[in-house]
Amino acid sequence: MKIASWNVNSLKVRLPQLLQWLVDARPDIVALQETKLEDAKFPAAELAAAGYHTVFSGQKTYNGVAILARAELGDFADVVTDIPGLDDPQRRILAASVGGLRIVDLYVVNGKAVGDEKYAYKLHWLERVRAFLEAEIARHPKLVVLGDFNIAPDDRDVHDPAAWGEDILCSPPERAALKAITDLGLHDSFRLFQSEGGHFSWWDYRQAAFRRNMGLRIDLILLGEALKSAASTAAIDREPRRWERPSDHTPVTLELDT
């Protein structure tokens with residue numbers, strides 16, 4: 001089974017690329033972030049024609065998350081779009097069961113800048129998400145938590161750690177909040193196979209950042225302990241970032257022997 005996560009940065013703009021990538025990469029389950037579409041405008045029919053069931057939680061202009069699964073995996077069950085104890089109208093969280101797995105799709109708050117009120121909210125948001133995931137992993141050992149985390153886990157995941165320093169996406173409190181989540185028993189699937197730095201999933205549109213590989217690895221697929229031994233390969237698919245009018249993120253993938 002092939003699982004993927006992709007921040008598409010507007011599904012309206014990127015739908016042709018997504019449809020092409022589904023043909024090329026043939027994933028079984030895909031989590032999307034920043035769909036930026038109200039639910040009434042989500043392209044469920046186009047994705048169904050491509051062979052995928054969908055579940056989604058969106059809003060106009062900002063945020064928005066969705067999960068796609070091959071039709072043969074069956075219907076989605078136990079769908080969650082809001083978590084207990086978190087009053088957040090922004091559509092950033094989507095959980096569903098499909099294909100024998102529990103999938104939690106996250107579009108983590110960016111935080112704007114260290115010390116900003118949005119930064120404080122990001123840390124609070126992550127605390128509530130951790131509590132939710134603690135309950136989820138107890139109920140669903142075959143848990144996959146994936147998405148745009150807006151946190152580079154460590155300096156290997158930053159093109160220039162000295163330049164970024166302790167700025168947003170790299171600050172110690174953000175990394176500690178992410179570690180508190182992985183300490184629940186979740187594994188960064190990419191790091192099961194690749195220990196070296198220099199592998200990124202996001203590049204700014206400015207300064208020819210992609211061509212110069214000035215990026216961050218902030219798109220993650222985390223696995224529950226029960227799935228760790230089933231992981232066979234994990235990768236970052238850079239090809240869609242080369243396409244015309246690309247998202248600033250590129251898909252990350254994981255294959256499970258199930």
Working for salt bridge (charged side-chain N to carboxylate O under 4.0 Å, His left out), residues R242 and E239 = CA-CA 5 Å; R242 298 186 175 97; E239 184 58 29; 3.1 Å; yes

Check the pair R156, S195 against side chain to side chain contact (heavy atoms under 4.5 Å, CB included), reporting the backbone distance first and the verdict last.
-> CA-CA 8 Å; R156 293 174 297 174; S195 61; 4.1 Å; yes

From CA spacing to verdict: side chain to side chain donor-acceptor pair (under 3.5 Å), S97, R102 | CA-CA 4 Å; S97 298; R102 182 63 169 171; 3.1 Å; yes

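Other residues, nucleotides and ligands contribute at most 12 non-hydrogen atoms within 6.0 Å of the NZ atom of K142. The 12-atom threshold is exceeded at OH of Y121, counting heavy atoms of other residues, nucleotides or ligands nearer than 6.0 Å.
Looking at heavy atoms from C-beta onward, W125 lies in side-chain contact with V108 at the 4.5 angstrom threshold. Using a 4.5 Å heavy-atom threshold, the side chains of L73 and M1 count as touching. Side-chain contact between V129 and I83: present, with at least one pair of heavy atoms (C-beta onward) separated by less than 4.5 Å. Counting heavy atoms from C-beta on, the side chains of Q33 and D105 come closer than 4.5 Å. Looking at heavy atoms from C-beta onward, E136 lies out of side-chain contact with V145 at the 4.5 angstrom threshold. A 4.5 Å side-chain heavy-atom check between L216 and W164 finds at least one atom pair inside the cut-off.
Of all heavy-atom pairs spanning H187 and E225, the tightest one is NE2-OE1, 2.6 Å. Annotation for P240 and T250: closest pair CD-OG1, 3.7 Å, computed over non-hydrogen atoms.
Judged by distance alone, with hydrogens and angles left aside, the side-chain atoms of K122 form a donor-acceptor pair with the main-chain N or O of N110 at under 3.5 Å. Looking only at distances, a side-chain donor or acceptor of D39 sits under 3.5 Å from a matching main-chain atom of G58. S171 places no side-chain N or O within 3.5 Å of a backbone atom of E166 that could act as its donor or acceptor partner. Judged by distance alone, with hydrogens and angles left aside, the side-chain atoms of S232 form no donor-acceptor pair with the main-chain N or O of D257 at under 3.5 Å.
Rounded to the nearest 0.5 angstrom, I3 CD1 and L254 CG are separated by 5.5 Å. Atoms NE2 and CD, from H53 and E72 in turn, are 8.5 Å apart once rounded to the nearest 0.5 Å. Taking CG of D157 as the start and NE2 of H199 as the end, the distance is 10.0 Å to the nearest 0.5 Å.
The aromatic rings of H249 and W202 are tilted relative to each other, their planes meeting at an angle between 30° and 60°.
Ion pairing between D160 and R212 fails under the 4.0 Å rule for side-chain N and carboxylate O. Between D78 and R139, at least one side-chain N (NZ, or NE/NH1/NH2) sits under 4.0 Å from a carboxylate O, which counts as a salt bridge. Ion pairing between a basic and an acidic side chain is recognised when a charged N comes within 4.0 Å of a carboxylate O; D204 and R206 show such pairing. Of the charged side-chain nitrogens involved, at least one lies within less than 4.0 Å of a carboxylate oxygen, so that D188 and R217 count as a salt-bridged pair.
Remark: R26 pairs with R70 by the side chain to side chain contact (heavy atoms under 4.5 Å, CB included) rule, at least two apart or across chains.
When ring centroids are compared, W21 and W243 stay outside the 6.0 Å threshold.
Counted by atom type alone, R92 and N63 present one or more donor-acceptor pairs between their side chains at under 3.5 Å.
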